There are 2 protein chains.
Amino acid sequence: MKRPTIADIARRAGVSKGAVSYALNGQPGVSEATRQRIVAIAQEIGFNPNSAARALSGASARAVGLTLCRPARILGIEPWFMGLISGFEAELSARSYALTLQVVATPELEVEVYRRWWGERRIDGVIVTDLRENDIRIPVLQQLQLPAVVIGGPGETGNIAQIWSDDAGAITEAVRYLVALGHRRIARVSGLPGLLHTQARTRAFNDICTSLGLEATTVPSDYTGEEGSRATRRLLIDTERPTAIIYDNDVMAVAGLAVAQEMGLAVPGDLSIVAWDDSPLCSLVHPPLTALSRDIAEYGAHAARELLATIDGKQVTNVEAGPAQLTPRGSTAPPR
Amino acid sequence: MKRPTIADIARRAGVSKGAVSYALNGQPGVSEATRQRIVAIAQEIGFNPNSAARALSGASARAVGLTLCRPARILGIEPWFMGLISGFEAELSARSYALTLQVVATPELEVEVYRRWWGERRIDGVIVTDLRENDIRIPVLQQLQLPAVVIGGPGETGNIAQIWSDDAGAITEAVRYLVALGHRRIARVSGLPGLLHTQARTRAFNDICTSLGLEATTVPSDYTGEEGSRATRRLLIDTERPTAIIYDNDVMAVAGLAVAQEMGLAVPGDLSIVAWDDSPLCSLVHPPLTALSRDIAEYGAHAARELLATIDGKQVTNVEAGPAQLTPRGSTAPPR
DNA sequence: AGAATTTACTGAACCGGGTAAGTTGTGGAG
DNA sequence: CTCCACAACTTACCCGGTTCAGTAAATTCT
């Protein structure tokens, strides 16, 4: 099947290619009557502008890029990314931008992908997740002048817009809640320590524990279930074991729940569990997990909106999304 | 920053644009010495061919498309798709093809996305998942002559290549295993009944149960945890409740496990559970779930290879991947 | 040695849109 | 009635690759 082009439309409408282009793009230069005639013909023959031709003549590629830099094994079960992607899509497809995805193994490869995308003019901007300390991606994006939005911070990103949520407020609320229930020994299993938002959480956790006169034990982990289990075991074999554990994501929390059950500890009787990020996973297990809920898809949609604004040349500012909301469920109770 | 073009290379090498194009694409028409000089210059100035220009001049877009047609809410927690995507990527990025993703709500919208992508020349082919009965996407792809590979079947797809796994063999093995353990009342919670592979499984389940003189109870569901819970409750409130349940995916199996625990039934003592597809989720919960394991990423890689072969114009045939392997874990045992 | 072929290029057209510059035709002001 | 402004177009070139036809020089064949 041959794809219709503006030349086909021009011929049928009895006008020039230029007129068709003006008409379809809402530019001045054609009468309203002609425009409607042209639009009708385009509709009728199912015209879609060739994205390559468009991109070539200086216009945008109408695509944004996302690189996922976690081992493939983890990606599958991590609801966070898919939630984010759903959110992006809601915003992008409404403005008919495509989302180009690439799974990479290391931040260095991520930078290479950015360079290649930029060189190929394949995308108009990128969404950057998992902001790290002294993130090597930031200077590259600045050098290439590639529009970008960073998720996860706050951190040093120069003129690149950021969007983050108030993790400090959330973890403070969670700790206060557990203390109000009567817990005194509260531990935390954290995500990858190199990520800025992990560090922000750790700092806030230490602060609130200190100010309440509690000991702040954080076991670093990597967001995977395996590591979550291992960290939980390490915490629970202690004679002075914690009566409550806060996990940096829901996958580790579920893994922690299984370890507790396997060790014969009742949840929430012997151990209370709080998960961060409230995917359906939290409500699926027994008991359902108390969680720090955020609307991840909305978070992603927000980021996509910011990115599109940046691409349109609007000056965007850093945005702080609302903090995660504590959603109490069956996994938290006063300690026995 | 200005992006280098072949014209820049041509100038520096003192040859014509055409020569540069031949040199970089390994075409005959330039001497080996000139080719090496040109390649060296391209390397030096960090040249990447503009993908739009390439696509415009008849060559391929070097991108393939994937549409995900499940509610956003489910996508997040469904490890299947991310596993698949990881597999695609392994193959695609090796040949520097991009993956374009779109989340859609209905099969009708999916068809529209295909049409748009085709019209925009944005992609060279698509990967089709969740093959349905009389799938409306198949005739459209045939009409557009858009290269495609279908995952999930077998079914009627004309000249479009398919890849599927032997679900019948897998479920037969699972039933035989449970029967060998001593189970006589085996139920099944299925995925979306409209999908062809669900139907294949249901048929095989009925066959093996009939041949073993068992009653085949299948409760249809939709792959979500919520529905999985509901279906499980419906099965377990029966006075003649099953002693074993086979779930069509791991998310529903985990949900089923939680329901059993909530109802005070011991797993595997009172109820054995078998999950289909073995994501890390299965090993995360307590007890870890016996599962029908497949290497989903490899499955995806396979599909990507087939698609790239189709795009290259090679005649491809339908492929049957190996059946899922039964991986016994703690959730299955002889009934009490 | 001269003709035929091959090699190593060059030049220009082309893909399908966008857009600046030029060309009409019309209406209103002076 | 002329001049000018403006709307409504057309023409032509641009983007950055690919590819085909053409050409001069080098090589092979008879």
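Owing to the predicted nature of the structure, the values given are computational and were not obtained by experimental measurement. In what follows, every chain begins at residue 1, and chains take the letters A, B, ... in the order their sequences are listed.
Side chains of Glu110(B) and Thr67(B): a donor on one and an acceptor on the other come within 3.5 Å. With no hydrogens or angles considered, a side-chain donor-acceptor pair links Asn159(A) and Gln142(A) at under 3.5 Å. Arg54(B) and Asn25(B) are linked by a side-chain donor-acceptor pair at a separation below 3.5 angstrom, with hydrogens and angles left out of the test.
To the nearest angstrom, C1' of dG16(C) lies 5 Å from CG of Leu56(B). Rounded to an integer number of Å, the gap from Tyr22(B) OH to dA8(C) C1' is 11 Å. In this structure, the CD1 atom of Ile6(B) is 18 Å from the P atom of dC14(C), given to the nearest Å. Atom P of nucleotide dG16(C) and atom CZ of Arg11(A) are separated by 11 Å, given to the nearest angstrom. Rounded to an integer number of Å, the gap from Leu24(A) CG to dG18(C) P is 8 Å.
At the phosphate of dG16(C), neither OP1 nor OP2 sits under 4.0 Å from any side-chain N or O atom of Arg54(A). Considering only side-chain N and O atoms, Thr5(A) lies nowhere under 4.0 angstrom from the phosphate OP1 or OP2 of dC15(C). For Ser31(B), a side-chain nitrogen or oxygen approaches OP1 or OP2 of dC9(C) to under 4.0 Å.
Residue Val15(B) is classed as a sugar-phosphate contact, given heavy-atom separations below 4.0 Å to backbone atoms only. Across all strands shown, Ser21(A) has heavy atoms under 4.0 Å from base atoms, whether or not it also approaches the sugar-phosphate. Within the nucleic acid shown, Ser16(B) comes within 4.0 Å of at least one base atom, counting heavy atoms only.
Of all non-hydrogen atoms in Ala63(B) and Arg122(A), the two that sit nearest each other are CB-NH1, 3.9 Å.
With hydrogens and angles left out, the side chain of Lys17(B) and the base of dG11(C) share no donor-acceptor pair within 3.5 Å.
If Arg121(B) and Gly29(B) are placed on DNA chain C by their nearest nucleotide, the residue sitting closer to the 5' end is Gly29(B). Nearest-nucleotide assignment on DNA chain C puts the 5′-proximal partner with Val30(B), out of Gln27(A) and Val30(B).
Note that CG of Leu307(A) is 7.5 Å distant from CG of Leu92(A), once rounded to the nearest 0.5 Å. To the nearest 0.5 Å, atoms CG (Leu196(B)) and CD (Glu156(B)) are separated by 10.0 Å.
Between the side chain of Asp124(B) and the backbone N or O of Ala61(B) there is at least one donor-acceptor pair closer than 3.5 Å.
Note that the first and last nucleotides of DNA chain D, 5' to 3', having any atom under 4.0 angstrom from a heavy atom of chain B are dG16(D) to dC20(D).
Geometrically, Arg294(A) engages Tyr299(A) in a cation-pi contact defined by less than 6.0 Å to the ring centre and at most 45° from the axis.
Taking a 4.0 Å limit (strictly below) on heavy-atom distances, residues 36-53 of chain B reaches DNA chain D at Phe47(B), Pro49(B), Asn50(B), Ala53(B).
Sparse packing is recorded around CD of Gln43(A), with 12 or fewer heavy atoms of other residues, nucleotides or ligands lying under 6.0 Å away.
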